[in-house]
Number of protein chains: 2
Amino acid sequence: MSISSRFAVAIHILALLDINKEGRNTSEFIAGSVNTNPVVIRRVIGLLGKAGLVHTSPGVGGASLARQPQDINLLEVYRAVQNDPPGELFAAHDKPNPKCPVGQNIQGTLDTVFRRAESAMENELAKVTLDQIVFDLVRGDR
Amino acid sequence: MSISSRFAVAIHILALLDINKEGRNTSEFIAGSVNTNPVVIRRVIGLLGKAGLVHTSPGVGGASLARQPQDINLLEVYRAVQNDPPGELFAAHDKPNPKCPVGQNIQGTLDTVFRRAESAMENELAKVTLDQIVFDLVRGDR
DNA sequence: TCACCTGTAACCATTGTAGTTACAATTACT
DNA sequence: AGTAATTGTAACTACAATGGTTACAGGTGA
């Protein structure tokens, strides 16, 4: 399966918060841009808030970036909205037969390979900042 | 979500086929090592067969590697058992609002980033051959 | 022939996701 | 103070992917 679209939605939200930092960003307004339900937006913003990426205020509030866009990279966003802990992009098969020479050692062998692959992906995400995303978005608008 | 454990199972199967190339590798025998149901094994072997990684013979058959273990890399295995087409590790959010400057361009921007990250992961998988996996397995056994 | 095995269909339980409704709590504005 | 707007969260639904299981038709080799 694929990585949940929460990640894409989260990036969309953060970019919008930066571009529209003067306006009032209600979950309904954001939902209009993302084209989904306001509750979905609030859920994602909740995750981003817990991760310290946005500030939210209850009541008639709205959200705003908690940091400068050049100080937010996509790996942070990824970790914020992906509830699986790091190191579990690839699922292991559980309880291989310990009596079999393959089953006995396969877990460790796979773990090494899987971690390397996952890290390679995450390193690419870490390279990209929200700033760059916004720049690319605005540039595409011309 | 994470990448299905079919990938881990597939690697397990291939390693076993190489190590036990003298024996008769029935789906039931393999299932014993993987610790799952024989039908699950047959399903995965079916995918590996379609991808040209193993030879299978119906009836009283069993499976065997179709290529030398040093000529099989994990990216091939990954693609064989992952039914999502390449480029879809990350899910996009569908139909962002085209009237919004963010919604209008976000898809393309994300696509570039996502593809880069996915490729980085796949490149790591491509580096590892079945041969290396087996070597590591056997080494761990001492 | 017969025991064995594969390939595949069918069904089920579980899980994660996203959309939706509803509502208490909070806040800003007048 | 009163009111309208908005958040945070719970609860429910629908849907898709996964992995386990049973069942069985058909191929294979002794």
Side-chain angles (χ1 to χ4, degrees), chain A residues 1-10 12-13 17 20 23-51 54-64 78 80-85 88-97, chain B residues 1-10 12-13 17 20 23-32 34-51 54-64 78 81-85 88-97:
Chain A
M1 279 189 70
S2 48
I3 287 164
S4 113
S5 75
R6 276 198 305 271
F7 184 35
V9 171
H12 188 139
I13 292 173
L17 290 184
N20 190 42
R24 200 164 52 125
N25 294 294
T26 68
S27 65
E28 188 161 355
F29 168 73
I30 300 174
S33 173
V34 174
N35 190 30
T36 183
N37 193 287
V39 176
V40 174
I41 301 297
R42 281 180 239 152
R43 280 203 280 242
V44 174
I45 286 185
L47 294 171
L48 295 174
K50 276 182 201 159
V54 300
H55 284 137
T56 65
S57 31
V60 180
S64 58
Y78 175 73
V81 299
Q82 201 66 17
N83 43 15
D84 300 331
E88 298 196 359
L89 175 62
F90 296 89
H93 57 313
D94 45 46
K95 320 186 208 65
N97 189 340
Chain B
M1 279 186 69
S2 49
I3 287 164
S4 115
S5 74
R6 276 198 305 271
F7 184 35
V9 171
H12 189 140
I13 292 172
L17 290 184
N20 190 41
R24 201 164 50 125
N25 295 295
T26 69
S27 64
E28 188 161 354
F29 168 73
I30 300 174
V34 174
N35 190 31
T36 182
N37 193 287
V39 176
V40 174
I41 301 296
R42 282 180 239 152
R43 281 204 279 243
V44 174
I45 286 185
L47 293 172
L48 296 173
K50 276 183 201 159
V54 300
H55 284 138
T56 65
S57 31
V60 180
S64 57
Y78 175 72
V81 299
Q82 200 67 16
N83 43 15
D84 299 331
E88 299 196 359
L89 175 61
F90 296 90
H93 57 313
D94 46 47
K95 318 188 208 63
N97 189 340

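Here is the naming used below: chain letters follow the sequence lines, and residue numbers restart at 1 for every chain.
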Query - Interatomic distance, Glu28(A) atom CD to Asn37(A) atom CG [nearest 0.5 angstrom] - result: 9.5 Å
Query raised in the report: Does Ala8(B) offer a backbone N or O that forms a donor-acceptor pair with the side chain of Ser5(B) under 3.5 Å?
Result: no
Requested in this report: Please state how far atom CG in Asp94(A) lies from atom P in dT18(D), giving the value in whole angstrom units.
Outcome: 16 Å
Report task. For dT18(D), take OP1 and OP2 only and decide whether either is under 4.0 Å from a side-chain N or O of Ser5(B). Result -> no
Report summary line: When rounded to whole Å, the NE2 to P distance for the pair His55(A) and dT7(D) reads 16 Å
Query raised in the report: Can you check the Lys95(A) NZ to dG20(D) P distance for me, whole Å?
Result: 9 Å
Report task. Check step by step if side-chain contact (heavy atoms from CB on, under 4.5 Å) holds for Ile3(B) and Leu89(B). Result -> CA-CA 9 Å; Ile3(B) 287 164; Leu89(B) 175 61; 4.1 Å; yes
Requested in this report: Using only side-chain N and O atoms of Thr36(B), determine if any of them is under 4.0 Å from OP1 or OP2 of dG20(D).
Outcome: yes
**Report entry** Spatial distance of atom CD1 (Ile13(A)) from atom CG (Leu47(A)) [nearest 0.5 Å]
**Finding:** 9.5 Å
Query - Donor-acceptor contact present, side-chain Asn20(B) to main-chain Asn25(B), <3.5 Å - result: no
Query raised in the report: Is any side-chain nitrogen or oxygen of Thr56(B) closer than 4.0 Å to OP1 or OP2 of dT6(C)?
Result: no
Query raised in the report: Choosing from dT17(C), dA5(D), dT6(C), which nucleotide comes nearest the side chain of Arg6(A)?
Result: dT17(C)
Query raised in the report: Please walk me through it: do Val9(A) and Thr36(A) pass side-chain contact (heavy atoms from CB on, under 4.5 Å)?
Result: CA-CA 10 Å; Val9(A) 171; Thr36(A) 183; 5.5 Å; no
Query - Between dC5(C) (P) and Ile30(B) (CD1): distance, integer Å - result: 12 Å
**Report entry** Under 4.0 Å protein heavy-atom contacts per nucleotide of nucleotides 25-30 of chain C, with B for base, S for backbone only and - for none
**Finding:** -BBS--
Requested in this report: Figure out the CD/P separation between Glu88(A) and dG16(C), and round it to whole Å.
Outcome: 11 Å
Query raised in the report: Distance check: side-chain N/O of Ser27(A) vs OP1/OP2 of dT6(D), anything under 4.0 Å?
Result: no
Requested in this report: Assign each of Glu28(B) and Gln82(A) to its nearest nucleotide of DNA chain C by heavy atoms, then name whichever residue's nucleotide is nearer the 5' end.
Outcome: Glu28(B)
Query - From Leu17(A) atom CG to Ile30(A) atom CD1, the distance as rounded to the nearest 0.5 Å - result: 5.0 Å
Requested in this report: Work out which heavy atom in Ala91(A) is nearest to a heavy atom in Ser4(B); give both atom names and the distance.
Outcome: CB-C, 4.3 Å
Requested in this report: Decide yes or no on side-chain contact (heavy atoms from CB on, under 4.5 Å) for Val34(A) and His93(B), but give the supporting numbers first.
Outcome: CA-CA 8 Å; Val34(A) 174; His93(B) 57 313; 3.7 Å; yes
Requested in this report: Specify the separation, in whole Å, of atom CG of Asn25(B) and atom P of dC4(C).
Outcome: 18 Å
Report summary line: Here the distance between atom P of dA16(D) and atom CD1 of Ile3(A), to the nearest Å, is 21 Å
**Report entry** DNA chain D contacts made by residues 37-47 of chain A, counting heavy atoms under 4.0 Å
**Finding:** Val39(A), Arg42(A), Arg43(A)
